[in-house]
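If you're wondering where the values come from, they're calculated on a predicted model, not measured in any experiment.
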Amino acid sequence: MFQGEYQHGLDTKGRLILPVRIREELGTQFVLTKGLDGCLFIFTPSAWMDFSDKLNQLPTSSKEARKLKRYFIGSSIECETDKQGRFLIPPVLRNFAEIDKEVTILGVSDKIEIWSTERYEEYQNEDDMSIEDIAGELDF
């Protein structure tokens, strides 16, 4: 299970070093794709199989299902870290997530989220429901 929040920066080539604690659990190969709320998702190969299997069970006749498949599967890429624990975030995904320099990495149970630090701070400061309201609404 992934957990924790980390701050890192991209190098000039668009590579990101994953924190050691994350790398130890993730391994050297994983899948990177568009996420929700403007972030990127990283899945282990087995978690990606589970996630993509759920998508593939959706009816092909559904326009919404096709859109979800294109969004997640169409933007996915298999990645591998180098000896320093770095991997390249492709420009198209950096642009999607508005990642320029500073990155916030979150371990969120079965996946990792990669955020532009600026975008993550904006997300946290949105005036939507408070955590207490959300917990109450979800009966948590």
Side-chain angles (χ1 to χ4, degrees):
M1 180 173 93
F2 298 106
Q3 61 188 40
E5 180 176 327
Y6 309 88
Q7 304 296 318
H8 279 266
L10 290 183
D11 69 13
T12 57
K13 296 181 181 179
R15 296 177 298 190
L16 177 65
I17 295 177
L18 288 171
V20 172
R21 191 170 199 133
I22 294 276
R23 282 195 320 251
E24 287 173 349
E25 188 168 343
L26 181 63
T28 59
Q29 297 181 330
F30 51 89
V31 176
L32 176 69
T33 190
K34 289 179 181 174
L36 300 174
D37 302 313
C39 72
L40 302 176
F41 287 163
I42 291 179
F43 291 95
T44 64
S46 62
W48 175 249
M49 288 303 298
D50 293 343
F51 184 77
S52 60
D53 283 348
K54 287 179 187 177
L55 288 170
N56 287 324
Q57 290 174 14
L58 298 172
T60 303
S61 58
S62 164
K63 184 176 182 177
E64 292 82 6
R66 291 192 308 271
K67 192 169 188 170
L68 273 179
K69 288 179 189 180
R70 288 179 188 123
Y71 181 84
F72 289 112
I73 297 174
S75 69
S76 67
I77 182 169
E78 293 180 5
C79 296
E80 187 170 354
T81 57
D82 63 15
K83 292 177 184 175
Q84 288 82 34
R86 301 174 300 190
F87 72 98
L88 177 68
I89 300 176
V92 68
L93 292 178
R94 285 197 312 264
N95 290 337
F96 165 80
E98 299 178 6
I99 294 172
D100 183 33
K101 274 264 186 219
E102 298 303 314
V103 175
T104 298
I105 302 166
L106 297 172
V108 187
S109 189
D110 65 336
K111 66 183 154 297
I112 299 159
E113 294 181 352
I114 301 177
W115 289 80
S116 151
T117 296
E118 183 178 330
R119 186 179 244 187
Y120 184 63
E121 288 170 359
E122 289 170 3
Y123 171 79
Q124 287 184 303
N125 293 324
E126 287 178 354
D127 288 331
D128 289 350
M129 296 173 66
S130 71
I131 294 299
E132 292 80 7
D133 291 338
I134 293 169
E137 189 169 294
L138 295 175
D139 197 27
F140 182 73

- Query: Excluding sequence neighbours, so at least two apart, what forms ring pair (Phe, Tyr, Trp, His ring centres under 6.0 Å) with Y6?
  - Reply: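 So Y6 forms no ring pair (Phe, Tyr, Trp, His ring centres under 6.0 Å) with any residue.
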- Task: Can you sort out the partners of S109 under side-chain contact (heavy atoms from CB on, under 4.5 Å), two or more places apart, ordered by chain and number?
- Result: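 With neighbours one apart ignored, the set is M1.
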With sequence neighbours excluded, tell me which residues meet side-chain hydrogen bond (donor to acceptor under 3.5 Å, both in side chains) with [X].
X	value
T28	none
D82	R86
Q7	E5, T104, T117
R15	D11

- Any link between I99 and L88 through a network of hydrophobic side chains (Ile, Leu, Val, Met, Phe, Trp, Tyr) touching at under 4.5 Å?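 No, separate clusters.
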- Cluster overlap I89 with I17, hydrophobic side-chain contacts below 4.5 Å: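 Different clusters: I89 never reaches I17 through Ile, Leu, Val, Met, Phe, Trp or Tyr contacts under 4.5 Å.
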Check: residues 65-74 side-chain donor-acceptor pairs under 3.5 Å, at least two apart:
unit_1, atom_1, unit_2, atom_2, d
R66, NH1, T60, O, 2.9
R66, NH1, S61, O, 3.3
Y71, OH, G35, O, 2.4

Does [atom1] in [X] sit with more than 12 non-hydrogen atoms of other residues, nucleotides or ligands closer than 6.0 Å?
X	atom1	result
Q124	CD	yes
E25	CD	yes
E78	CD	no

- Does any pair with a residue in residues 87-101 pass side-chain hydrogen bond (donor to acceptor under 3.5 Å, both in side chains), and if so which ones, sequence neighbours excluded?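 Sorted result for residues 87-101: E98-R119.
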- Pairs in or reaching into residues 33-42: which pass side-chain hydrogen bond (donor to acceptor under 3.5 Å, both in side chains), with residues at least two apart or in two chains?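 Residue pairs with at least one partner in residues 33-42: T33-S75.
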Calculate, to the nearest 0.5 Å, the distance between atoms [atom1] and [atom2] belonging to [X] and [Y] respectively.
X	Y	atom1	atom2	value
I42	L26	CD1	CG	6.0 Å
D110	S46	CG	OG	9.5 Å
T44	Q29	OG1	CD	11.5 Å
H8	L16	NE2	CG	7.0 Å
L40	I114	CG	CD1	5.5 Å

- Taking all heavy atoms of A97 and all of S116, pick out the closest pair and write down the distance.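 Closest approach of A97 to S116: O-CB, 3.5 Å.
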- Nearest heavy-atom pair of G38 and F96: which atoms, and what distance?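 So the minimum-distance heavy-atom pair works out to C-CE2, 4.2 Å.
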- Item | From L32, L36, V31, residue fulfilling side chain to side chain contact (heavy atoms under 4.5 Å, CB included) relative to F41 |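 When side chain to side chain contact (heavy atoms under 4.5 Å, CB included) is applied between F41 and each of L32, L36, V31, only L36 qualifies.
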Using distance only, find each side-chain donor-acceptor pair of residues 47-56 under 3.5 Å and give its atom names and separation, not counting sequence neighbours.
unit_1, atom_1, unit_2, atom_2, d
S52, OG, W48, O, 2.9
S52, OG, M49, O, 3.3
N56, ND2, S52, O, 3.1

- Query: If you link I, L, V, M, F, W and Y whenever their side-chain heavy atoms are under 4.5 Å apart, who else ends up in the same group as W115?
  - Reply: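 Noted: W115 shares its cluster with L106, V108, Y120, Y123.
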- Item | Remaining members of the apolar cluster that contains F140, side-chain heavy atoms under 4.5 Å |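 Direct or chained contacts put F140 with none.
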